[in-house]
Amino acid sequence: MSVTDDLTAAQRCLDDLDRAIVRLEQQVGGGLDIKRLRSDSHHLRESLALLRESAPAEKPRREMVTIPDTPYDSSLWSDADDEGLGARDRHAP
């Protein structure tokens, strides 16, 4: 996973946590413990935002190019010089 994927996953988990806190508050009321949970969740959200800002930018992934093992068409090289030997119809000095 990339850093961006991990940060997004952490964000989703925080969203789930906030929804769970709302459900708990409806069941047990808004006491001191729920206020602490809300505060802790808010701090985690702020920390995650800071981490997202300081995370290194991801380099774009390069696409893999597959080169076949089959031989190239020899007509592609018909007018090319052999390296170090010159053209086929001429002799080396």
Let me confirm one number: the [atom1]-[atom2] distance from [X] to [Y], rounded to the nearest 0.5 Å.
X	Y	atom1	atom2	value
Asp33	Leu24	CG	CG	10.5 Å
Leu14	Leu44	CG	CG	5.5 Å
His43	Arg36	NE2	CZ	11.5 Å
Leu17	Arg12	CG	CZ	15.5 Å

* Listed partners of Glu46 passing side-chain hydrogen bond (donor to acceptor under 3.5 Å, both in side chains), at least two apart ->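 Checked Glu46 against side-chain hydrogen bond (donor to acceptor under 3.5 Å, both in side chains); matches are His42.
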* Would you please name every residue forming a side-chain hydrogen bond (donor to acceptor under 3.5 Å, both in side chains) with Asp18, sequence neighbours left out? =>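 Here the qualifying residues are Ser41, Arg45.
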Which heavy atom of [X] sits nearest to which heavy atom of [Y], and what is that distance?
X	Y	result
Ser75	Asp73	OG-OD2, 2.7 Å
Val22	Arg38	CG2-NH2, 3.9 Å
Leu7	Arg52	O-NH2, 3.4 Å

* Is Thr8 reaching over with its side chain to a backbone N or O of Thr4, donor-acceptor style, under 3.5 angstrom? ->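 Flag set: sc Thr8 to bb Thr4 pair under 3.5 Å.
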* Asked: Who pairs with Asp16 by salt bridge (Lys or Arg N to Asp or Glu O under 4.0 Å), at least two apart in sequence or on another chain?
  ->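 Listed in chain order: Arg19.
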* Cluster check Val28, Ile21: I/L/V/M/F/W/Y, side chain < 4.5 angstrom ->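 Yes, one cluster joins them.
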